[in-house]
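The block underneath contains the structure these notes are about, expressed in structure tokens.
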Amino acid sequence: MNIEEWIYQYNKLNASFKKRLVFRLGVDSGFFSEYNNMVLAMLYCLKHHIRFELYSDHAHFALRDGWNDFFFPFGAVDTHRINKDYNLRPYVIEASKEASLQKILKYSYIVAAYKLLFGIDYLTQDLWQFHRARTFEQATFTIPELGLQQTPLLVATQQVIKAFWRYNVQSASVVASFTESVHLPAEYISLHVRAGDKFTETKMYDFGEYMEPAARFSSNKEAFILTDDYTVIEQLQQQYPEWQFYTLCEPAERGYFHRDFVKQDRQFKYMQHLKLFANMDICASSTKFIGTYSSNPGMYIGMRIGPERCYCLDFDEWLIW
């Protein structure tokens with residue numbers, strides 16, 4: 001089954017389900033946190049016969065049209081403005097500083113009325129704990145219409161990403177300009193070296209912890225580096241002069257800090273996301289990816305190319321983190 005037929009069959013099957021989830025993309029997190037959870041939610045809905053509908057208006061990373069700013073239009077969407085304030089991740093609701101009574105009124109009674117009025121069964125917060133559960137890692141999918149037969153989760157995620165990671169014309173042109181600016185050899189490995197504000201979120205790893213497996217997996221000492229801090233490139237070049245390193249990171253880039261990034265204008269954020277997508281496409285084309293599954297880019301790469309082509313420093317196996 002070619003990709004166009006697969007998408008057609010997915011849309012047809014999805015439209016046949018009676019129960020509905022409206023999943024919000026672009027609430028408050030980095031893009032790959034949002035996207036990874038979208039893919040997991042899509043598969044959870046397929047398994048449990050729930051129609052998956054996407055709401056991406058007001059996505060914080062978008063230029064003006066949510067999902068459509070980057071990709072081909074999604075088949076099933078919901079555009080009701082009420083989603084902006086009431087369709088959220090559970091922890092966003094929990095962290096709200098609103099009075100308890102106001103929370104109950106807002107997220108119970110008003111949300112219940114909205115669902116009843118528009119025939120919606122679930123919002124993002126309702127199914128979050130299920131597609132985020134560690135037990136979902138062991139899920140298999142038997143869906144004949146999509147060619148899935150006892151298919152493991154990480155094989156199913158590859159199919160979904162292949163079907164829906166498709167740039168629109170404008171985005172494809174920009175992404176291509178980024179990827180073509182790096183003159184990569186036919187064979188290379190990729191490394192995701194975390195920097196910026198990530199030292200406040202998780203353990204950081206020494207270069208040696210990346211380069212030891214890199215030496216095992218590379219036949220030519222050619223590596224693409226995904227990083228947002230050019231200091232990483234400078235230090236790698238100094239410590240490993242026998243290696244050839246490639247990157248899209250510019251010398252002026254000295255780490256990503258989310259609080260600063262969200263203050264930038266939409267055009268800047270749009271272009272930075274397309275640059276990030278180019279980075280991910282390059283990593284996905286490498287013979288081996290070395291990174292961390294606890295990072296959302298690492299989690300995404302595992303979902304996109306499968307664990308066989310990944311080596312991660314923090315966990316032996318891919319996991320829902």
Side-chain angles (χ1 to χ4, degrees), residues 1-25 31-54 56 67 70-77 122 124 126-167 277 280-281 283-286 288-289 291 293-312 315-321:
M1 187 185 309
N2 64 38
I3 199 64
E4 297 296 338
E5 177 65 16
W6 198 94
I7 294 169
Y8 171 79
Q9 291 296 337
Y10 168 83
N11 288 334
K12 180 179 177 182
L13 182 62
N14 188 51
S16 72
F17 299 144
K18 303 304 180 187
K19 291 186 176 181
R20 297 169 60 199
L21 163 70
V22 178
F23 183 89
R24 184 176 175 191
L25 182 76
F31 180 84
F32 282 101
S33 173
E34 302 278 353
Y35 186 85
N36 293 346
N37 283 294
M38 170 183 161
V39 172
L40 293 174
M42 289 174 69
L43 285 167
Y44 182 87
C45 287
L46 277 174
K47 188 172 182 65
H48 295 278
H49 299 175
I50 301 167
R51 189 188 318 171
F52 179 96
E53 298 179 6
L54 185 66
S56 64
W67 172 268
F70 303 104
F71 304 103
F72 283 164
F74 198 81
V77 298
Y122 309 108
T124 306
D126 297 318
L127 297 183
W128 185 264
Q129 63 177 318
F130 300 107
H131 67 74
R132 292 286 307 170
R134 293 294 310 277
T135 53
F136 194 54
E137 296 166 13
Q138 307 306 319
T140 58
F141 301 84
T142 297
I143 307 172
E145 298 92 333
L146 301 179
L148 303 179
Q149 182 65 39
Q150 289 295 307
T151 302
L153 177 66
L154 286 184
V155 177
T157 59
Q158 292 176 61
Q159 185 61 60
V160 170
I161 292 171
K162 183 179 179 181
F164 294 103
W165 190 264
R166 301 199 306 158
Y167 304 120
F277 297 170
M280 302 306 285
D281 288 349
C283 289
S285 296
S286 66
K288 198 77 171 184
F289 169 82
Y293 283 138
S294 58
S295 71
N296 283 300
M299 183 180 182
Y300 166 78
I301 289 293
M303 294 165 69
R304 177 168 171 173
I305 67 175
E308 299 80 12
R309 286 172 54 201
C310 297
Y311 179 90
C312 286
F315 296 100
D316 293 334
E317 297 182 350
W318 181 94
L319 74 168
I320 296 174
W321 179 260

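Computed from a predicted model, the values in this text were never measured in an experiment.
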For the [atom1] atom of [X] and the [atom2] atom of [Y], what is their distance to the nearest 0.5 Å?
{"X": "Gln150", "Y": "Ile143", "atom1": "CD", "atom2": "CD1", "answer": "11.0 Å"}
{"X": "Tyr122", "Y": "Lys19", "atom1": "OH", "atom2": "NZ", "answer": "3.5 Å"}
{"X": "Ile161", "Y": "Met42", "atom1": "CD1", "atom2": "CE", "answer": "10.0 Å"}
{"X": "Leu40", "Y": "Phe136", "atom1": "CG", "atom2": "CZ", "answer": "6.5 Å"}
{"X": "Ser295", "Y": "Trp321", "atom1": "OG", "atom2": "CH2", "answer": "10.5 Å"}

Q: Classify the ring geometry between His131 and Trp128 as parallel (under 30°), tilted (30 to 60°) or perpendicular (over 60°).
A: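 Ring orientation, 0 to 90° scale: perpendicular.
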Q: Indicate the ring-plane relationship of Phe277 and Tyr167, choosing parallel, tilted or perpendicular according to the 30° and 60° boundaries.
A: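 Parallel.
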Q: Determine, step by step, whether Phe141 and Val155 satisfy the side-chain contact (heavy atoms from CB on, under 4.5 Å) criterion, reporting the C-alpha distance in whole Å, the side-chain angles of both residues, the deciding distance to 0.1 Å, and the verdict.
A: CA-CA 10 Å; Phe141 301 84; Val155 177; over 6 Å; no
When you compare the side chain of [Y] with that of [X], does any pair of heavy atoms fall below 4.5 Å?
{"X": "Met299", "Y": "Phe32", "result": "no"}
{"X": "Val160", "Y": "Trp165", "result": "no"}
{"X": "Val77", "Y": "Glu53", "result": "no"}
{"X": "Met38", "Y": "Phe74", "result": "yes"}
{"X": "Asn296", "Y": "Phe31", "result": "no"}
{"X": "His48", "Y": "Phe130", "result": "no"}
{"X": "Phe164", "Y": "Val39", "result": "no"}
{"X": "Phe52", "Y": "Leu46", "result": "no"}

Say whether, by atom type as modelled, one donor and one acceptor occur between the side chain of [X] and the main chain of [Y] under 3.5 angstrom.
{"X": "Thr151", "Y": "Gln149", "value": "yes"}
{"X": "Arg51", "Y": "Phe17", "value": "yes"}
{"X": "Lys47", "Y": "Thr140", "value": "yes"}
{"X": "Glu137", "Y": "Ile320", "value": "yes"}

For [X] versus [Y], what's the shortest heavy-atom pair and its separation?
{"X": "Ile305", "Y": "Ala284", "answer": "CG2-O, 3.6 Å"}
{"X": "Gly302", "Y": "Tyr293", "answer": "CA-CE2, 4.3 Å"}
{"X": "Leu127", "Y": "Ile50", "answer": "CD1-CD1, 4.0 Å"}
{"X": "Ser56", "Y": "Trp67", "answer": "OG-N, 2.9 Å"}
{"X": "Leu25", "Y": "Tyr35", "answer": "CD1-N, 4.1 Å"}
{"X": "Ala163", "Y": "Ile7", "answer": "O-CD1, 3.3 Å"}

**Q.** With sequence neighbours excluded, residues passing side-chain hydrogen bond (donor to acceptor under 3.5 Å, both in side chains) with Glu5
**A.**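 Testing Glu5 for side-chain hydrogen bond (donor to acceptor under 3.5 Å, both in side chains), a comparison that skips the adjacent residues, returns Gln9.
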Q: Would you please test Ile3 and Gln159 for side-chain contact (heavy atoms from CB on, under 4.5 Å) and show each step?
A: CA-CA 9 Å; Ile3 199 64; Gln159 185 61 60; 3.7 Å; yes
Q: Apply side-chain contact (heavy atoms from CB on, under 4.5 Å) to the pair Asn14 and Asn11, showing each step before the final yes or no.
A: CA-CA 5 Å; Asn14 188 51; Asn11 288 334; 5.5 Å; no
(Q) Just checking Tyr8: does its OH atom have more than 12 heavy atoms from other residues, nucleotides or ligands closer to it than 6.0 angstrom? (A)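 Count not over threshold, so no.
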Q. Does atom CG of Asp316 have more than 12 heavy-atom neighbours from other groups under 6.0 Å away?
A.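 Not buried by this count: 12 neighbours or fewer within 6.0 Å.
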Q | Inter- and intrachain pairs under side chain to side chain donor-acceptor pair (under 3.5 Å), touching residues 299-309, at least two apart | A |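 Of all non-adjacent pairs touching residues 299-309, those that pass side chain to side chain donor-acceptor pair (under 3.5 Å) are Asp281-Arg304, Tyr300-Arg304.
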Q. Between Trp318 and Leu153, does a side-chain contact (heavy atoms from CB on, under 4.5 Å) hold up when you go through it step by step?
A. CA-CA 11 Å; Trp318 181 94; Leu153 177 66; 3.9 Å; yes
